[in-house]
> 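First the structure, then my questions, so here it is.
Throughout, protein chains are lettered first and strands after them, A, B, ... in sequence-line order, and every chain is numbered starting at 1.
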Amino acid sequence: MNYAQIVLPLNLKGSFTYKVPQELLSEIQVGMRVLVPFGGKKIYTGIVFELHDNAPESFVAKEVISILDDKPIVPQEQIQFWNWLSEYYLSGLGEIYRFAFPSSLKLESETYLKLKPNVTVDFENLDVNEMYLIQALEVRQLINLTDIEAFIPKKDIIKTINSLIDLQYIEIDEKIAEKYKAKEVAYVRINDEVLKNQNLTEIILSLKRAQKQKDLFLHILEKQTENPDMHIKKSDLFEDGYFGSSHFKALADKNLVEEYYMQKDRIESYEGEIEEIEELSESQKLAKITIDEAFEEGKNVLLHGVTSSGKTHIYLEKIEECINEGKNVLFLLPEISLTKQITQRLEKKYGRQLGFYHQKLTDFERVEVWRRIRQNDIKILIGTRNALFLPFQNLGLIVVDEEHDSAYRPREVSPYFNAKDAALVLGNFYNARVILGSATPSVESYYNARKDRIQYVFLEERFGKVTLPEYELINFKEAQDSKKVSGNFSLRLIDELKRTVDEKNQAIVLHNRRGYANVIECESCGYVNYCSNCDVVMTYHKAANEMKCHYCGQRASKPKACPKCHSEKLNERGVGVEQIHEEVSKLFPENEVDRMDVDSMRKKFAYEKLYEKIEDGEIDIIVGTQMISKGLDFDHIELVAIPKADSMLYVQDFRAEERAYQLITQVSGRAGRVSGKGKILIQTFNPDHSVFQLIKMNNPAKVYKYILTERQKFHYPPFTKLIMIELKHRKEEKVNRASQFLGSVLRKYLPEDCVLGPEKSQIARLNNLYQFQILLKLPRGKNYEKFKKLVLLSLKEFDEITAYQSIKKDVFVDF
DNA sequence: AGCACGCCGACT
DNA sequence: GTCGGCGTGCTC
């Protein structure tokens with residue numbers, strides 16, 4: 001095993017071959033981090049992915065500089081997982097590595113060097129560079145690679161370091177290479193010597209002229225005798241302000257007390273009481289039995305529980321069982337901010353054995369969690385999709401809550417994987433069971449459950465025998481014709497809102513479109529305001545009084561007159577949530593009406609403040625975008641109104657109906673959680689539309705059947721597999737030609753009806769890049785693998801054209 | 001991804 | 001005459 005395949009944190013295909021030097025041969029293992037030189041002057045932290053004996057033929061392999069871990073940091077199961085991700089989603093291992101690791105675990109040129117202790121350097125045989133480096137180290141002890149650039153030519157750095165390491169003069173400082181330091185807390189105790197050798201009365205006598213010192217000494221002594229095993233925090237002494245640090249210092253100077261330090265976890269853990277969970281209801285018990293049986297057979301589960309049916313309860317039971325078996329749990333959430341209930345309950349029960357991992361942690365905090373997981377200190381980890389990459393030791397259960405949520409598959413960040421599907425695969429590698437849970441499962445998961453690929457468990461009953469909310473469809477066309485409307489609201493809807501607030505209950509108004517008006521249009525010449533970076537009209541935000549591009553974030557001031565024809569007649573077209581909020585505020589001037597969307601929640605603690613206001617009953621009506629469908633579990637919301645429900649359906653996306661169903665059902669679940677008298681008003685021009693009709697029937701099975709029939713008819717997932725290839729470039733002509741070429745290559749290998757496009761993306765230009773896309777509709781099953789290989793072949797052929805190398809290419813598998 | 005190499009425009 | 005723009009090619 002003289003050679004190693006190393007994955008580098010670069011967006012490059014595959015891995016690189018390095019030679020393992022003789023002295024590292026006994027230590028090196030797959031999954032360890034190593035330092036390797038790359039290119040002219042860079043050093044990277046790579047991961048050993050494979051060890052072998054095949055000397056490369058076409059190039060001379062460089063040598064591994066050093067090993068950073070004493071045991072593998074990436075477990076075998078994760079290595080398999082990375083390989084699967086890379087193959088299934090056609091993404092590079094380097095990208096996955098970059099995504100998986102906190103940045104301080106993959107430092108590049110921050111690596112530090114130091115002199116080996118007790119060496120005598122034979123300066124005679126060193127070259128100039130080597131001498132410089134040794135001299136610098138004699139003065140400074142530690143030097144990082146960037147510093148070395150100051151006195152050694154870039155191209156010689158690696159050579160110099162390697163030769164000095166070979167000569168055993170210098171080494172890599174690993175502690176600092178990881179630049180992470182655990183936070184330490186000061187504790188105090190009475191000096192042991194004092195207790196052994198000195199008479200207490202003597203000491204107290206000696207302190208008689210220093211009242212506070214004496215008191216402090218006695219205070220510490222008392223605490224220490226009371227419970228010798230407990231550590232006394234230094235900061236606690238000064239808490240009530242009676243003692244000051246000067247008193248402590250005086251005692252320490254007299255050698256009577258001493259302070260010592262211990263590492264403290266950076267992440268605060270709950271230390272309060274641990275509470276038992278309530279007992280399961282009958283239907284929950286039944287559901288749990290089905291899950292138990294499925295798990296026995298090694299099957300995973302889709303837990304379809306209507307809103308408020310108490311899925312969390314069942315999760316908690318299964319989590320507890322898993323922990324009692326001595327295994328660990330991963331609990332995945334789409335986003336960390338909306339986790340109050342589950343965390344509170346788990347915190348109470350599991351206290352310090354609970355960990356969190358998500359995008360909002362600092363890098364140090366992430367490393368801390370990494371260590372604790374690696375040391376098997378954490379029994380339950382709650383996290384977002386990046387938590388899938390933690391080095392779990394003994395994983396027994398993965399729960400994916402709100403499995404339908406699109407946050408599990410953000411389109412912006414590579415690697416482009418779906419955390420829900422990845423969780424199933426990861427579970428398989430760890431031989432752990434997986435529960436996918438949702439009130440509105442994704443159509444794909446539902447189909448898989450129906451096909452018995454995973455066990456379907458349906459929780460139909462709301463907890464505490466609360467009934468499901470009642471739906472009412474309001475025909476807006478009719479209301480308009482009979483003049484029973486005010487703005488975007490029918491009088492019927494206004495009446496219901498009024499009744500709700502009069503009864504001191506709360507209402508939600510959902511309108512899933514940001515801003516005030518979608519477009520500002522010149523009445524005389526038809527001019528609309530386009531974003532200068534993207535081919536998108538800019539949305540008018542009245543609250544901020546500016547135009548915003550929702551794709552690149554660009555902002556501009558609102559035009560006072562048409563820049564083209566100078567007409568001052570500008571029309572606002574397309575209703576946004578701000579406008580709905582404004583209307584409701586005008587209709588209910590006596591009541592408190594607040595808005596909740598990404599724009600109003602941007603400020604720090606905005607979400608927390610709003611949450612408290614709703615909880616305290618200070619808000620009567622909340623107007624918001626899809627944001628309000630998550631996490632708002634309050635007792636007094638009785639009405640949900642959707643004034644412009646049609647806007648959800650007319651989106652150019654084959655998942656529009658699924659999304660509309662999910663959003664309406666999720667937001668409906670907020671109503672009548674306690675009273676069981678929740679009411680949902682859906683105002684639409686098409687009350688006969690199947691989706692609305694089916695939602696009204698409160699029968700999920702029928703909704704899925706309908707959507708599945710549609711999907712089958714038009715050959716969409718889950719009946720086919722979609723792969724979307726997107727090409728981007730600054731020059732439209734170039735990316736157009738490139739995508740035509742790629743299209744023709746794909747058609748060469750794949751049947752004609754599998755390849756759609758290329759065509760301009762819906763947003764033809766984004767951030768000044770022109771975008772073209774090709775959609776591949778591939779069959780499921782055996783043929784899929786075959787076809788995917790052909791796609792890979794086509795992409796390879798495309799990559800060989802050097803003229804197209806500057807084109808950015810993204811491949812979305814399971815688009 | 002970085003970084004070097006190399007070939008053309010605007011400047012001390 | 002040179003500095004620096006970014007197109008192209010390579011990294012084990």
Side-chain angles (χ1 to χ4, degrees), chain A residues 1-22 24-25 28 30 32-68 82 86 90-103 105-111 144-146 148-150 152-159 161-162 412-416 727-735 737-738 741 767-770 795-811:
Chain A
M1 300 297 192
N2 280 305
Y3 292 93
Q5 289 309 121
I6 310 286
V7 173
L8 298 176
L10 299 171
N11 194 1
L12 294 171
K13 284 245 146 52
S15 54
F16 293 85
T17 312
Y18 284 84
K19 193 169 186 329
V20 184
Q22 203 60 38
L24 298 181
L25 274 175
I28 199 160
V30 170
M32 284 178 166
R33 289 176 307 154
V34 289
L35 284 183
V36 291
F38 188 74
K41 49 163 270 211
K42 279 234 139 193
I43 288 188
Y44 286 104
T45 311
I47 305 283
V48 183
F49 242 65
E50 205 192 317
L51 292 165
H52 59 83
D53 253 328
N54 314 320
E57 285 163 15
S58 53
F59 56 88
V60 183
K62 289 185 182 170
E63 286 199 351
V64 171
I65 300 172
S66 73
I67 300 175
L68 292 179
W82 291 22
S86 162
L90 306 176
S91 57
L93 284 168
E95 270 177 282
I96 295 168
Y97 170 34
R98 265 152 69 106
F99 185 81
F101 267 58
S103 45
L105 289 181
K106 50 175 171 17
L107 286 181
E108 298 165 21
S109 303
E110 288 291 298
T111 314
N144 78 16
L145 297 185
T146 349
I148 296 173
E149 282 178 21
I152 297 180
K154 284 181 180 177
K155 63 177 170 52
D156 295 335
I157 290 179
I158 303 295
K159 208 183 80 200
I161 292 171
N162 276 336
E412 303 75 38
V413 274
S414 90
Y416 308 106
L727 302 175
K728 303 178 193 189
H729 196 269
R730 277 185 303 116
K731 295 193 180 118
E732 183 172 12
E733 187 34 42
K734 187 158 185 168
V735 63
R737 246 183 301 130
F741 173 73
N767 269 317
N768 284 321
L769 295 177
Y770 287 91
L795 290 170
K796 225 182 201 163
E797 213 165 289
F798 177 83
D799 286 341
E800 275 162 18
I801 311 292
T802 51
Y804 295 150
Q805 268 175 16
S806 58
I807 287 177
K808 192 175 153 36
K809 181 170 86 255
D810 282 315
V811 182

> Donor-acceptor check, side chain of A:Thr45 to backbone of A:Leu35, threshold 3.5 angstrom: yes or no?
no
> Distance check needed: C:dC12 P versus A:Ile43 CD1, whole Å only.
12 Å
> Nucleotides 7-9 of chain C: which of its N/O atoms have a protein N/O under 3.5 Å away?
none

> Can you name the side-chain contact (heavy atoms from CB on, under 4.5 Å) partners of A:Lys731, sequence neighbours left out?
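By the side-chain contact (heavy atoms from CB on, under 4.5 Å) rule, A:Lys731 matches A:His729, A:Lys734.
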> Is A:Leu105 close to A:Arg33 at the side-chain level, that is, under 4.5 Å between some pair of heavy atoms?
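Yes - at least one pair of side-chain heavy atoms lies under 4.5 Å apart.
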> Any non-hydrogen side-chain atom of A:Asn2 less than 4.5 Å from a side-chain atom of A:Leu25?
yes
> In whole Å, I'd like the distance from the NE2 atom of A:His52 to the C1' atom of C:dC12.
10 Å
> Enumerate the salt bridge (charged side-chain N to carboxylate O under 4.0 Å, His left out) contacts for residues 797-809 of chain A, please, sequence neighbours excluded, ordered by first and then second residue.
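Every pair satisfying salt bridge (charged side-chain N to carboxylate O under 4.0 Å, His left out) with a residue in residues 797-809 of chain A: A:Lys748-A:Glu797, A:Asp799-A:Lys809, A:Lys808-A:Asp810.
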> Round to a whole Å and report the spacing from CG of A:Leu10 to P of C:dC10.
17 Å
> Within the sub-3.5 Å range, which N or O atoms of nucleotides 5-8 of chain B have a protein N or O partner, and how far apart are they?
none

> For residues 9-20 of chain A, which side-chain N or O atoms pair as donor and acceptor with protein atoms under 3.5 Å away, sequence neighbours left out?
from    : atom 1 : to      : atom 2 : distance (Å)
A:Ser15 : OG     : A:Gln5  : NE2    : 2.9
A:Thr17 : OG1    : A:Gln5  : OE1    : 2.9
A:Tyr18 : OH     : A:Pro37 : O      : 2.7

> Can you sort out the partners of A:Tyr804 under ring-ring contact (aromatic ring centres under 6.0 Å, His included), two or more places apart, ordered by chain and number?
A:Phe741, A:Phe798
> Can you tell me how far P of B:dA1 sits from CD of A:Glu95, to the nearest Å?
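After rounding, the gap between these two atoms is 8 Å.
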> Round to a whole Å and report the spacing from CG of A:Leu12 to P of C:dC12.
11 Å
> So A:Ile6 and A:Tyr44, do their side chains get closer than 4.5 Å, heavy atoms only?
no
> Rounded to the Å, how far apart are A:Lys62 NZ and C:dC12 P?
3 Å
> Can you tell me how far C1' of C:dC10 sits from CZ of A:Phe59, to the nearest Å?
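The distance from CZ of A:Phe59 to C1' of C:dC10 comes to 13 Å, rounded to the nearest Å.
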> Hey, what do you get for CZ (A:Arg98) to OG (A:Ser414), rounding to the nearest 0.5 Å?
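The distance works out to 7.5 Å.
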> Under 4.0 Å, heavy atoms only, any strand: does A:Tyr18 hit a base, just the sugar-phosphate, or nothing?
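Here A:Tyr18 touches the backbone only, sparing every base.
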> Measure the distance from CG on A:Asn2 to P on C:dC12 and round it to the nearest whole Å.
19 Å
